[in-house]
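These notes are about the structure you will find just below.
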Protein chains: 2
Amino acid sequence: MIPEATVARLPVYLRALTALAEGGIRTCSSEELATAAGVNSAKLRKDLSYLGSYGTRGVGYDVDYLRYQIAREIGVTQDWPVVIVGIGNLGHALANYSGSRSRGFRVVALLDADPERHAEVVAGVPVRPFDDLEAIASEHAVAIGVIATPAAAAQDVADRMVAAGVTSILNFAPAVISVPDGVDVRKVDLSIELQILAYHEQRKAHEHERDHVAAAIGGDA
Amino acid sequence: MIPEATVARLPVYLRALTALAEGGIRTCSSEELATAAGVNSAKLRKDLSYLGSYGTRGVGYDVDYLRYQIAREIGVTQDWPVVIVGIGNLGHALANYSGSRSRGFRVVALLDADPERHAEVVAGVPVRPFDDLEAIASEHAVAIGVIATPAAAAQDVADRMVAAGVTSILNFAPAVISVPDGVDVRKVDLSIELQILAYHEQRKAHEHERDHVAAAIGGDA
DNA sequence: AGAAGTTTGTGAATGCGAGAACAAATCACC
DNA sequence: GGTGATTTGTTCTCGCATTCACAAACTTCT
């Protein structure tokens, strides 16, 4: 049983290893890999220890071997069929991104409720009516769905996805969606990320203010 | 000092409160707001207690009042100038999204290294050369930058942003970027989110398999 | 072969967040 | 004015995640 925090970092390690492999590097230490992944080396080693003992003391890790082990653990040695619902600006970006960049996933359908879009072909995949969801999902055994619709439609789309057999949802719509037990939802929200940054930014600004005031009154304690 | 986990949820509460206000609701209990935000009511109350005592026992929270208090705490009562670098599919989506939907942020510039794009106008903002970054950042006192470039360019863009005075970065590029102390970075990564879902999906599949095997051999312990 | 130097894997300590549970405060009703 | 119902704010406990520190294991050099 791998801790959730570790699961969230495994893809980062995988990408770092891929970058090293492309650079022709065959072996790396936990320190090097940790730097490439932007984490602490102790944390990296503990994370990897949940998968097994794939390193060699005194030497480090074999890049290709570790890469395969992590990919297998995550489950991206096979290809997961994915449907994307909502082909606006964001849907376009996601379709292109998933289509070319990332191995492990295959976009089997792009769906949109707007008939205007049904003529389009994005990243080689035609946009089809949202009502085709059930047919496509059962035909390709789709387990992963992406919601890129406006907030108002998100819950409906989620319900239909779940009914069609989808058990993992990636939600880009700025809305909280509720799903039955056994269905995983991950949420990505631009606006929330910006607001978190704004909070810290504001705190920095206040910090400065206090510094200025302190300097002005000559405080040195 | 508000805990980081709480800070990350405040924007969710803010959005839920806005939705309630738009529905004409003037007052709500922690239970109602928690449901709308998709969290536990005890957690919600504890989060809000870090801001102060803005509720009334036996009654609940005044929607508008609480909304303002949270907005003030986050820092979105003012407008933060934002620059977006990399106007591909994703950049388009972000520009449109930030432009219309979210209050608290103002896109002051869209930058791209590709001269082909400098003719475009997205969401009312013209796309300008990346080299204009420093001039724009100092003119508008930009503190928040968004990176929507390919991975290879991300570190360069981040360095230039930091040099130009940006102290908070939202990174959509699939790359780890390193910045000096005092600069905040948040990372959003489609591919990583999908891989996390794939991991859980795979575990569900294995679970099923084991169930089938158990059923087949008639195990009931 | 043995000693010195590296690097992994893990046990222990610390800190943080989640949730349960309850006391304090307010409202409604008599 | 007092009693019961309701709801907040807070304390307490538990579990998870991070980090340190070190023993075990491997390599290299003499």
Side-chain angles (χ1 to χ4, degrees), chain A residues 1-13 16-17 20 25-67 69-70 73 176 181 185 187 192 196 199-200, chain B residues 1-13 16-17 20 25-67 69-70 73 176 181 187 192 196 199-200 203:
Chain A
M1 194 60 222
I2 300 178
E4 192 54 38
T6 297
V7 170
R9 282 187 294 266
L10 290 181
V12 180
Y13 303 153
L17 284 166
L20 290 178
I25 302 192
R26 320 276 301 189
T27 292
C28 70
S29 69
S30 64
E31 197 68 51
E32 291 167 315
L33 183 52
T35 303
V39 302
N40 183 298
S41 71
K43 183 150 61 178
L44 170 71
R45 285 199 302 276
K46 179 155 282 222
D47 284 342
L48 294 185
S49 77
Y50 289 114
L51 312 190
S53 276
Y54 296 134
T56 307
R57 297 174 194 225
V59 179
Y61 300 93
D62 182 283
V63 171
D64 278 335
Y65 182 56
L66 183 58
R67 193 153 74 104
Q69 292 299 339
I70 294 179
E73 190 70 39
V176 175
D181 282 359
V185 175
K187 192 179 155 194
I192 286 178
I196 295 170
Y199 170 81
H200 292 295
Chain B
M1 194 60 221
I2 300 179
E4 193 53 38
T6 297
V7 171
R9 282 188 294 266
L10 289 179
V12 180
Y13 303 153
L17 284 166
L20 291 177
I25 301 189
R26 320 277 299 189
T27 293
C28 70
S29 69
S30 64
E31 197 69 51
E32 291 167 315
L33 183 53
T35 303
V39 301
N40 182 298
S41 70
K43 184 151 58 177
L44 169 70
R45 287 199 300 278
K46 187 184 277 205
D47 284 342
L48 294 184
S49 77
Y50 290 113
L51 312 190
S53 275
Y54 296 134
T56 309
R57 295 173 195 228
V59 179
Y61 300 93
D62 182 283
V63 171
D64 278 336
Y65 181 57
L66 182 58
R67 193 152 73 104
Q69 293 299 340
I70 293 179
E73 190 70 38
V176 174
D181 282 358
K187 192 178 155 197
I192 286 178
I196 295 170
Y199 170 81
H200 292 295
R203 260 184 27 95

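Bear in mind the structure is a predicted one, so any value in this text is a computation, not a measurement. Reminder, nothing fancy here: chain letters follow the sequence lines and each chain counts from 1.
Between B:G60 and A:T6, the residue whose closest nucleotide on DNA chain D is further toward the 5' end is B:G60.
If you take SG on A:C28 and CG on A:L33, they are separated by 4.5 Å, rounding to the nearest 0.5 Å. Note that the CG atom of A:L66 and the CG atom of A:L17 stand 5.0 Å from one another [nearest 0.5 Å].
Taking atom CZ on A:R9 and atom C1' on D:dC16, their separation rounds to 12 Å, with Å as the unit. Here D:dT10 presents its P atom at 12 Å from CG of B:L51, a figure rounded to the nearest Å. In this structure, the OH atom of B:Y50 is 13 Å from the P atom of D:dG9, given to the nearest Å. In this structure, A:D47 atom CG and D:dT19 atom P are separated by 11 Å, rounded to whole Å. Between A:E4 atom CD and D:dA17 atom C1' the separation is 12 Å, expressed in whole Å. Taking atom OH of residue B:Y61 and atom P of nucleotide D:dT6, one finds them 18 Å apart after rounding to whole Å. Rounded to whole angstrom, the span from the CG atom of B:L48 across to the P atom of D:dT10 amounts to 11 Å.
The closest side-chain heavy-atom distance from A:E4 to B:I196 is below 4.5 Å. Here the side chains of B:V39 and B:D47 are not in contact, with every heavy-atom distance at 4.5 Å or above. Annotation: side chain of B:D62 is not in contact with side chain of B:T56 (no heavy-atom distance under 4.5 Å).
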* Carefully, step by step, assess B:Y199 and A:I2 under the rule side-chain contact (heavy atoms from CB on, under 4.5 Å). => CA-CA 10 Å; B:Y199 170 81; A:I2 300 178; 3.6 Å; yes
* To do: Please assess B:I192 against B:K187 for the test side-chain contact (heavy atoms from CB on, under 4.5 Å), listing each intermediate value before the final yes or no.
  => CA-CA 10 Å; B:I192 286 178; B:K187 192 178 155 197; 3.8 Å; yes
* In sequence, state the C-alpha distance, the side-chain angles, and the governing distance for A:R45 and A:L48, and then conclude on side-chain contact (heavy atoms from CB on, under 4.5 Å). => CA-CA 5 Å; A:R45 285 199 302 276; A:L48 294 185; 5.9 Å; no
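Of all nucleotides in DNA chain C, those with any atom nearer than 4.0 Å to a heavy atom of chain A start and finish, going 5' to 3', at C:dT6 to C:dA12.
Contact between A:S41 and A:A34 at its shortest, heavy atoms only, is CA-CB, 3.6 Å.
Using a 4.0 Å cut-off, no side-chain N or O of B:S30 falls inside it from OP1 or OP2 of D:dT7.
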* **Under 4.0 Å protein heavy-atom contacts per nucleotide of nucleotides 20-30 of chain D, with B for base, S for backbone only and - for none** => BB-BBBSS---
